[in-house]
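What follows is a single structure, written as structure tokens, with notes after it.
Each chain gets a letter, A, B and so on, in the order the sequences are listed, and its residues count up from 1.
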Amino acid sequence: MNYKQEIAKQLAGVIDFLSADEIEAILEVPKDRGMGDFAFPCFRLAKNLRKAPPMIAQDLLEAFHAEAPISKVEAVGGYLNFTLDKAGFVKGVLEAVMEQGEKYGSKDLGQGKNVVIDYSAPNIAKPFHVGHLRSTVIGNALYKIYGFEGYNPIGVNHLGDWGKQFGMLIAAYKHWGDDKALEEEPIKALLDLYVKIHAELDEHPEYEEEGRAWFKALEDGDEEAQRLWKWFVDLSLVEFNRIYDMLGVSFDHFTGESFYNDKMEAVVEEIKEKNLLVESEGAYVVDLGEEMPPCIILKRDGATIYATRDITAALYRKKTFDFEKCIYITDYAQDLHFQQWFKVVKLMGYDWADDLMHESFGRVSTEQGKLQTRKGNVILLDDLLNQSIGKVQAIIDERNPNLEDKEEVAKAVGIGAVIFNDLSNNKIRDIVFNWERMLSFDGETGPYVQYTHARACSVLRKSGETAYAENLDYNQLMDPASLEVVQELATFPDVVEQAMLRNEPSLITRKIVLIAQRFNKFYHDCPILVDDEVLKGTRLALVRAVKTVLATGLDLLGIQAPEKM
RNA sequence: GUUCUCGUAGCUCAGUAGGAUAGAGCGACCGCCUCCUAAGCGGUAGGUCGGAGGUUCGACUCCUCUCGGGAACGCCA
């Protein structure tokens with residue numbers, strides 16, 4: 001049952017000029033839950049009624065006849081506060097979690113509709129560092145959240161697997177390539193080649209031309225160029241897949257930039273036919289009027305550019321997947337670029353351009369400044385994950401040396417800490433990377449939530465049969481600590497919905513921290529494994545509900561929930 | 001220069017469609033394991049919500065201006 005709707009319905013009986021829906025929109029949750037479960041602010045009625053808000057509240061109170069589930073109504077200042085029948089509320093929430101289990105929290109909003117999510121998209125032949133982590137984990141979380149809400153999410157990795165740099169790479173390989181090094185440490189060897197040829201450009205400017213020629217050969221289908229390119233891509237993918245495995249991230253399609261090579265000509269043709277393409281300074285662009293600079297479609301040399309490729313990919317995806325939304329996860333440096341080509345798609349006459357969404361996130365830097373691969377100011381994801389796992393291992397050895405599956409748990413917690421950290425604030429915020437902060441496992445962190453989950457599991461494990469006792473008395477959960485846990489569980493579905501609508505996984509991160517905090521307080525205040533069978537069974541029901549919701553929340557973020565740690 | 005974005009406690013951040021006394025975590029200080037995992041719990045200290053106007057019964061929230069950080073602004077992606 002929806003309590004808010006119910007209250008709105010009852011209130012509508014005494015306010016003739018507002019509908020139940022309008023009232024529902026005005027109803028809010030008091031900051032101080034001691035005031036009640038819902039509050040109706042009377043301020044905005046003051047004009048219509050030409051009365052002071054406190055008087056309106058008083059009058060409404062007198063006219064109002066509360067029915068279940070409302071147990072108490074009070075007028076406080078300009079507010080009319082409603083208190084629900086607590087036992088009924090607790091029962092409703094806990095039974096919902098029990099019945100729905102790991103589905104609790106989903107409103108099944110998607111109805112099986114397709115949503116394309118474009119995330120990660122690393123550049124082939126470059127190392128995977130913390131800067132690439134964000135798109136990957138945000139995209140993965142959204143993938144899970146949309147799936148949980150009943151959509152059919154389609155995860156696409158738009159790999160940076162094409163462009164002039166591959167010509168340079170092939171040229172470098174022809175000069176200094178070392179097959180053994182490439183097989184052993186592919187990314188490092190590829191990066192070395194890339195760095196070396198750029199370093200040599202001053203003395204050997206002809207390398208520039210060699211690279212250009214090799215890329216031309218690649219585009220023209222030259223057999224050797226194709227073979228080497230494919231080899232480099234495959235080498236990189238092995239490495240990337242190893243990292244995706246560690247992170248627990250997966251994709252439905254690895255359609256990179258190269259995938260669209262043979263599809264762009266038709267799109268350029270279409271833009272031209274629709275009279276959108278104009279010549280400008282030797283290039284061909286689509287004019288976007290006053291508000292934005294023009295969008296380049298063909299460079300002066302006639303070659304396509306990333307906007308062309310993105311438009312082509314969007315048209316392909318619409319045709320292939322008939323998506324309801326297509327979401328791109330990149331940092332905000334690309335904001336203008338996306339606005340521009342979204343507009344082009346719109347000008348091409350496609351109304352579904354409105355379904356293209358660019359969800360941008362903040363940039364990562366270190367205290368030394370920008371992350372720059374060439375200047376060596378990078379934090380490799382491998383190092384980060386290994387440091388984190390190592391620290392978790394040390395903690396386990398110290399506090400829980402007899403834990404079985406130590407390695408597995410250390411990985412789950414260490415990697416979980418990194419993912420959780422990345423998803424804990426609004427995604428638009430910039431991040432200044434800091435090792436100490438990163439590897440702190442106290443307070444609002446992944447390990448804290450995982451620990452809380454493991455704690456709940458531990459109690460359930462020790463409870464024996466009573467975990468499934470049938471005689472429950474929800475009146476036993478009327479103490480503040482228990483009640484506050486239930487209140488947080490109650491709004492979990494709304495938070496998941498909001499996280500999806502706003503494409504903001506951090507809402508879920510914050511929510512599960514809050515649930516964990518409430519639970520730890522409850523755990524501290526209320527002994528669970530007591531002699532009184534009914535009390536024990538009832539409290540265990542609460543523990544089980546918390547365990548379920550924490551596990552769901554962590555899963556939606558792409559984080560594991562070990563039963564012991 | 002133009003546009004976008006961020007500015008809340010020493011630090012990192014929440015703050016829902018404007019609403020009741022602005023909240024967490026970390027760090028600091030003080031407490032709590034004969035008891036279900038102390039990666040935990042409690043307490044103390046810490047704020048002119050960058051600044052100035054405006055709209056409103058009411059502004060951290062909306063508008064204008066301003067200061068400071070970050071970013072984008074045609075042939076890289």
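Residue pairs satisfying the salt bridge (Lys or Arg N to Asp or Glu O under 4.0 Å) criterion with at least one member in residues 491-517 of chain A, sequence neighbours excluded, are listed as follows: A:Lys107-A:Asp494, A:Lys107-A:Glu497, A:Lys427-A:Glu504, A:Glu488-A:Lys511. Sorted pairs that involve residues 435-452 of chain A and meet salt bridge (Lys or Arg N to Asp or Glu O under 4.0 Å), not counting sequence neighbours, are lacking altogether. Identified under the salt bridge (Lys or Arg N to Asp or Glu O under 4.0 Å) test for residues 295-309 of chain A, with sequence neighbours left out: none.
If you take CZ on A:Phe492 and CG on A:Leu550, they are separated by 8.5 Å, rounding to the nearest 0.5 Å.
Summarising the local packing, CD of A:Glu265 is surrounded by 12 or fewer heavy atoms from other residues, nucleotides or ligands at distances under 6.0 Å.
In this structure, A:Lys427 atom NZ and B:C6 atom P are separated by 11 Å, rounded to whole Å. Remark: P of B:U3 and CG of A:Leu288 are 18 Å apart, rounded to the nearest angstrom. In this structure, A:Arg399 atom CZ and B:A38 atom P are separated by 11 Å, rounded to whole Å. Atom pair A:Glu291:CD and B:C4:P shows a separation of 12 Å (rounding to whole Å applied). B:G15 atom C1' lies 10 Å from atom CZ of A:Arg502, rounded to whole Å. A:Asp442 has its CG atom 18 Å from the P atom of B:A24, to the nearest Å. Here B:A38 presents its P atom at 11 Å from CZ of A:Phe519, a figure rounded to the nearest Å. Atom pair A:Glu504:CD and B:G15:C1' shows a separation of 13 Å (rounding to whole Å applied).
Spacing between B:G1 and B:C13 at atom C1', rounded to whole Å, works out to 34 Å. Nucleotides B:G23 and B:G70 are separated by 26 Å at their C1' atoms, to the nearest Å. The separation of B:C26 from B:G46, taken at their C1' atoms, amounts to 13 Å, rounded to a whole angstrom. Look at the C1' atom in both B:G43 and B:U37: the space between them is 24 Å, to the nearest Å. Spacing of C1' atoms, B:C4 relative to B:C57, comes out at 35 Å, to the nearest Å. Remark: the separation of the P atoms in B:A20 and B:C62 is 16 Å, to the nearest Å. Nucleotides B:U21 and B:A28 are separated by 26 Å at their C1' atoms, to the nearest Å. Rounded to whole Å, the P atom of B:G68 lies 34 Å from the corresponding atom of B:A24.
B:C67 shows a glycosidic angle more than 90° from 0 and is accordingly assigned anti.
Residues satisfying the ring-ring contact (aromatic ring centres under 6.0 Å, His included) test with A:Phe128, not counting sequence neighbours, are A:His132, A:Phe240, A:Tyr244. Listed by chain and residue number, nothing satisfies the side chain to side chain donor-acceptor pair (under 3.5 Å) test with A:Asp287 (two or more places apart in sequence, or in another chain). For the side chain to side chain donor-acceptor pair (under 3.5 Å) test, residues two or more places apart in sequence or in another chain that qualify with A:Thr452 are A:Asn520. Residues that satisfy the side chain to side chain donor-acceptor pair (under 3.5 Å) test with A:Tyr332, not counting sequence neighbours, are A:Asp430. Residues passing the side chain to side chain donor-acceptor pair (under 3.5 Å) test with A:Arg134 are A:Asp422, sequence neighbours excluded.
Within the 4.0 angstrom heavy-atom criterion, no nucleotide atom of any strand lies near A:Pro53. Residue-level contact check: A:Ile396 touches the bases, meaning some heavy atom is under 4.0 Å from a base atom. When heavy atoms are screened at a 4.0 angstrom cut-off, A:Ala303 is found touching no nucleic acid atom at all. Residue A:Asn81 is in base contact, counting any heavy-atom pair closer than 4.0 Å across all strands shown. Among the protein residues, A:Phe43 comes within range of the nucleic acid bases, having at least one heavy atom under 4.0 Å from a base atom.
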key: Contact letters for nucleotides 72-77 of chain B, in which S counts primed atoms plus P, OP1 and OP2 and B counts the base, heavy atoms under 4.0 Å   = SSBBSB
ask   = Which letter, B, S or -, goes with each nucleotide of nucleotides 32-37 of chain B from 5' to 3', with contact meaning a protein heavy atom under 4.0 Å?
value = ----BB
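Residue A:Asp430 places its side chain closer to B:G70 than to any other of B:U12, B:C41, B:G70. Each of B:G7, B:C41, B:A24 was ranked by its minimum atom distance to the side chain of A:Asn520; first place goes to B:C41.
Put simply, A:Asn426 has a side-chain N or O that comes within less than 4.0 Å of OP1 or OP2 on B:G15.
Taking the six-membered ring wherever Trp is involved, the centroid distance between the rings of A:His337 and A:Tyr306 falls below 6.0 Å. In this structure, the ring of A:Phe166 has its center no less than 6.0 angstrom from the ring center of A:Phe232.
For the pair A:Val392 and A:Ile26, both in contact range of RNA chain B, the more 5′-proximal nearest nucleotide belongs to A:Ile26.
Judged purely by distance below 3.5 Å, without hydrogens or angles, the side chains of A:Asp37 and A:Thr83 never pair a donor atom with an acceptor atom.
Consecutive Watson-Crick or G-U pairs involving RNA chain B, each under 3.5 Å on both distances, make up stems of three or more pairs at B:1-7 with B:67-73, B:10-13 with B:23-26, B:28-32 with B:40-44, B:50-54 with B:62-66.
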Donor-acceptor pairs under 3.5 Å, side chain of residues 400-415 of chain A to any protein atom, not counting sequence neighbours: which ones?
from     : atom 1 : to       : atom 2 : distance (Å)
A:Asn400 : ND2    : A:Met565 : O      : 2.9
A:Glu404 : OE2    : A:Lys564 : NZ     : 2.9
A:Lys406 : NZ     : A:Asp397 : OD1    : 2.9
A:Lys406 : NZ     : A:Pro401 : O      : 3.1

